[in-house]
Amino acid sequence: MVLAALALAAVAAVPDLEVMVQPSTGRLAVQMAVGRALPDEWTQALAAGAPVSITYRLRLYRNRRLFWDLRLASHELVVKAQRDPLTGVFSLVSEMNGEILASGEVNSLEEAIFWVTHPPTAELALPIRHEPLWLFVRAEFLTRYKLLVIPTTVGTDWVQKAVPESP
Amino acid sequence: MSDWRRRWQRYRRQNRVLVGLYVGLLLLTAAGFALFNRLGGLPPEELTNRLLVFLLWWFDLTLIAIVLFIILRNLLRLALERRFGILGARFRTKLLLSYVVLSLAPTLVLFLLGVSLLSRAAASWFAAPVEGMVAASVQLAEGARQAAESRTARAAEVVARRLAEVGDERARVAELERLHALLGNHLTVLYRRGAPVVELVDPRQRSMLRLPPIEASSLRSSGLRGERFAGTVVVRGWQVLPDGAAVVVGEALPASMTAAQGRLVTAAAAYERLKLERPTITATAVLGFGGLALLVAFAAMWLGLYLSRRFTAPLLALAAAARRVAEGESLEEVPLPAEDEVGLLVDAFNAMARRLQGREAELEAAVRRLRTVLSAIRTGVLTLDAGRRTVLANPAAAALLGMPELVEAPQLLEVLAGSFPRLVETIRSSPSGFRGSLTLYPAGAARHVEVAVVALGSPEQPEGWVVALEDLTPLLRAQRQAAWSEAARRIAHQIKNPLTPIRLAAERIARQSERRSPELPAIVQQGCSAIVEHVQSMQEMVDAFARYAKFPPISRRPVRPGELVRQVTALYAGVRPDLRVETRDGGDDREELLDPEQLRQVLTNLIDNAVEASPPGGAVTVEVARDGDDVVFVVEDEGPGLPVEDPELLFQPFFSTKGRGSGVGLALVQRIVSDHGGTVRLEARQGRGVRAVVRIPGVQR
């Protein structure tokens with residue numbers, strides 16, 4: 001019983017989306033890792049050769065006093081994956097705001113899933129700060145529809161990270 | 001003012017245009033902003049799907065808003081119209097509800113049916129057989145590749161084991177060539193230190209010579225690799241020899257098979273992609289179908305409202321015109337252009353309006369003429385409502401009554417009660433009408449007025465009452481003067497007749513006295529006798545005058561007319577031996593309010609004349625009968641008939657054709673009958689004789 005509780009606690013402790021930030025002068029390196037399982041239809045589609053992707057949305061906000069937070073920047077890191085059933089090779093591409101950030105090929109589904117759930121580090125430009133900055137990150141897998149017509153995005157919740165001062 | 005400015009002011013007055021434009025611009029702006037924020041940076045295929053879904057959502061929501069706006073606006077408007085009792089609200093409510101039900105119900109059913117069919121169709125697209133076929137096609141492609149991988153891996157292993165046993169380099173190459181031919185490899189390559197040193201290629205697969213070499217890092221251990229090359233799939237497997245060299249064996253799958261497999265896996269990938277986008281496709285179809293249904297509903301509703309307005313507008317205009325007419329306004333034509341049956345109705349209404357306008361004009365002209373006549377005539381006319389509560393007078397009546405305010409506007413009848421109580425009582429107490437004379441005292445002066453109260457329409461349900469007031473005072477005065485003149489003339493004539501014999505008798509006596517005639521005593525006696533006789537005649541005449549002049553007013557009391565006739569005729573039994581006096585009673589023995597003494601006088605005078613005129617062997621008939629409420633007395637004789645052409649002369653006082661008598665008998669008869677409100681007339685009977693008819697109206701007790 002105790003072990004089951006501990007196991008549940010361990011499972012619950014794994015975040016859906018783990019975000020690590022590392023500031024440098026004028027830049028912010030963001031490392032993301034999806035901790036939750038991907039939707040079945042997403043995995044099946046990838047295994048069957050359909051092109052799939054995970055979209056990581058990164059939004060940088062300035063936390064202003066007495067005002068609403070000001071969005072400074074909005075980025076999209078899209079990690080695409082597609083398997084060629086003839087060769088068994090998974091082609092992987094990461095695009096940051098439409099520009100290719102990295103690409104690669106792997107030969108197994110597990111490697112491909114790891115690749116897309118652990119995208120390459122995203123480099124964001126940091127403005128000169130006068131107030132605290134917040135980074136909001138979310139991973140979106142696919143779109144489902146409630147009651148046939150109401151679209152809902154399947155993905156992780158927004159993860160809020162305070163941007164530390166650069167050294 | 002320019003045309004554009006007028007147009008703008010007209011549109012500005014139409015708030016709904018402004019509101020519609022404002023809402024439309026607001027929606028478009030919001031939609032554009034949301035679209036810009038939502039779809040920025042999406043890949044093209046995602047953008048297409050999301051844009052389509054978004055546009056469909058926007059389209060559907062706009063249509064829903066429009067339909068709801070139309071329904072709610074019209075329902076609210078109709079509710080307000082019904083609350084304020086505006087004409088046609090109920091009819092339009094029924095029409096609107098009918099259109100809403102008739103348009104929304106089938107549209108909703110069709111929408112649900114369509115969504116159900118669509119869902120089933122989408123489910124059938126991704127049914128188990130299709131899934132199996134797609135999976136099998138992928139497995140087939142993978143199987144072919146895996147078989148090739150297995151072959152190349154085994155061939156590389158065989159070749160590597162054999163080469164490991166051969167130490168000499170030349171022998172190794174020879175063995176490599178032998179095994180390449182023996183195993184039927186498409187490609188056999190010997191790598192040393194990461195670079196190919198020997199490459200053997202099946203002549204039919206020479207293109208494989210262009211394959212990029214395997215990286216040295218990959219050659220550190222055994223491995224497999226499949227890759228697309230020159231329109232086919234090439235599988236390469238390699239084994240590392242103990243001395244660090246590596247043997248790579250490659251096989252190219254048949255191009256035709258690869259092409260077919262390529263099509264299969266492409267289709268499978270597209271299928272999987274489609275399956276992944278199935279919810280989006282379904283949502284798009286449902287939204288599209290819903291938009292179409294809403295569009296149909298909107299079109300049907302708008303058309304229904306338009307048609308209802310078009311249909312009801314002329315009818316409501318007609319009803320409004322009819323209501324205005326009912327409220328007292330003048331009838332006017334309805335200026336509505338219509339060409340269908342409603343147009344016929346409008347035309348008929350307008351024709352009726354024109355005709356009624358003509359009649360109304362005629363009526364107004366007649367009323368003007370009547371007013372002119374009423375204001376011009378000397379007869380006073382009072383008009384009263386059906387309940388005899390208000391009264392309006394013409395100038396003559398107002399002048400007669402001394403109340404000029406009666407001309408201006410209808411006044412309550414009570415205003416007359418103070419000065420003219422008898423007149424008001426007469427007007428109110430006449431159930432079906434009245435004719436008679438009254439003496440009124442406007443401003444204290446006596447006026448003799450002939451009053452006639454007549455009901456407008458049927459007396460049972462009168463639409464109003466008219467009272468005619470004829471001021472008889474000047475006429476009566478003139479008649480009285482004429483009567484006195486006539487009476488004086490006749491009295492003079494009546495007196496002159498006996499005076500002449502008296503004067504002649506006196507002159508004869510005087511002459512004989514001068515002559516001292518011996519016949520004087522006899523002449524004196526004769527003369528005195530004649531004088532006394534004529535003086536006596538004059539005395540009788542004076543008595544008759546006195547009776548006529550001092551005739552008392554009637555005193556009514558219950559009398560049975562038949563009994564009265566029998567009492568009078570009984571006095572004439574045997575008055576002449578050669579004359580029969582007969583009685584016929586046709587009455588019903590009901591009592592009437594009459595003056596029996598004066599009626600007895602009437603019957604006596606008439607029977608006296610009949611008896612006197614009847615020849616020997618003749619008969620006098622006295623009859624009493626009923627004619628409705630009237631009592632009718634008839635006296636007939638068989639005499640020579642009327643002595644004059646105009647029977648009315650016989651009723652004048654002191655008129656006599658017999659050369660004797662006072663000539664007041666028939667005058668008395670007429671006076672008594674008139675006092676009873678009746679009439680008397682003399683008629684020549686067919687053959688011979690005279691019929692005297694007395695008609696006296698019944699008086700309610």
Side-chain angles (χ1 to χ4, degrees), chain A residues 38-59 71 73-91 93-100 105-109 140-154, chain B residues 37 40-43 45-46 49-50 53-54 56-57 60 115 118-119 131 134-135 137-142 144-146 149 223-229 232-235 253 258 261-262 264-287 290:
Chain A
L38 298 177
D40 289 342
E41 59 264 44
W42 192 96
T43 310
Q44 289 170 5
L46 175 62
V52 293
S53 65
I54 294 178
T55 302
Y56 295 89
R57 300 192 184 279
L58 301 96
R59 292 178 181 173
R71 188 160 79 180
S74 178
H75 304 278
E76 280 187 355
L77 174 61
V78 181
V79 184
K80 299 176 182 176
Q82 185 172 15
R83 179 183 179 236
D84 185 356
L86 291 182
T87 61
V89 175
F90 291 85
S91 301
V93 178
S94 294
E95 294 177 355
M96 183 72 171
N97 298 327
E99 295 182 358
I100 294 176
E105 289 183 349
V106 296
N107 291 318
S108 68
L109 181 63
E140 297 176 355
F141 307 135
L142 47 84
T143 302
R144 284 178 180 154
Y145 290 85
K146 291 179 181 175
L147 300 175
L148 292 179
V149 292
I150 302 172
T152 54
T153 300
V154 179
Chain B
N37 281 328
L42 282 178
E45 64 275 10
E46 284 284 314
N49 287 339
R50 294 196 183 187
V53 170
F54 179 81
L56 285 171
W57 257 109
D60 287 3
V115 169
L118 197 68
S119 299
E131 292 266 357
V134 171
S137 66
V138 174
Q139 287 170 0
L140 193 62
E142 289 185 342
R145 178 178 53 79
Q146 286 169 356
E149 285 177 350
L224 281 169
R225 174 179 295 177
E227 53 198 328
R228 289 175 181 267
F229 179 76
T232 185
V233 172
V234 174
V235 176
L253 297 179
T258 303
Q261 289 174 346
L264 280 176
V265 297
T266 303
Y271 174 82
E272 288 297 329
R273 181 70 188 173
L274 201 64
K275 195 166 73 172
L276 203 60
E277 293 178 354
R278 173 185 166 185
T280 304
I281 295 171
T282 306
T284 305
V286 169
L287 287 172

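From a predicted model like this one, the values you see are computed outputs, not experimental measurements. Order of the sequence lines fixes the chain letters, A, B, ..., with proteins taken first and strands second; residue numbering starts at 1 for each chain.
Looking at A/Leu46, there are no atoms closer than 4.5 Å to chain B (heavy atoms on both sides), in backbone or side chain. With a threshold of 4.5 angstrom between heavy atoms, B/Val234 does not approach chain A through any atom at all. For chain A, the nearby parts of B/Gln261 are the backbone and the side chain; heavy atoms of each come within less than 4.5 Å. Only the side chain of A/Asp84 comes within contact range of chain B, with at least one heavy atom under 4.5 Å from a heavy atom of that chain.
With A/Pro85 as the partner, the side-chain contact (heavy atoms from CB on, under 4.5 Å) test is satisfied by one option alone out of B/Leu264, B/Leu140, B/Val138: B/Val138.
Taking 4.5 Å as the limit, some side-chain heavy atom of B/Lys275 sits within range of a side-chain heavy atom of A/Gln44. Under the 4.5 Å side-chain criterion, counting only non-hydrogen atoms from C-beta, B/Arg145 is not in contact with A/Leu86.
With chain A as partner, the option from B/Glu142, B/Arg278, B/Gln146, B/Arg225 having the largest number of non-hydrogen pairs under 4.5 angstrom is B/Glu142. Chain B forms more heavy-atom pairs under 4.5 Å with one residue of A/Ser74, A/Ser53, A/Ala50 than with any other, namely A/Ala50. Among A/Glu95, A/Glu105, A/Arg144, A/Arg83, the residue making the largest number of heavy-atom pairs under 4.5 Å with chain B is A/Arg83.
At most 12 non-hydrogen atoms from other residues, nucleotides or ligands lie less than 6.0 angstrom from CG of A/Leu147.
In this structure a side-chain-to-backbone donor-acceptor pair under 3.5 Å is missing from B/Arg228 to A/Thr87.
A/Tyr145 and B/Thr280 are linked by a side-chain donor-acceptor pair at a separation below 3.5 angstrom, with hydrogens and angles left out of the test.
Considering every non-hydrogen atom in both B/Ala269 and A/Gly49, the closest pair reads CB-O, 3.1 Å.
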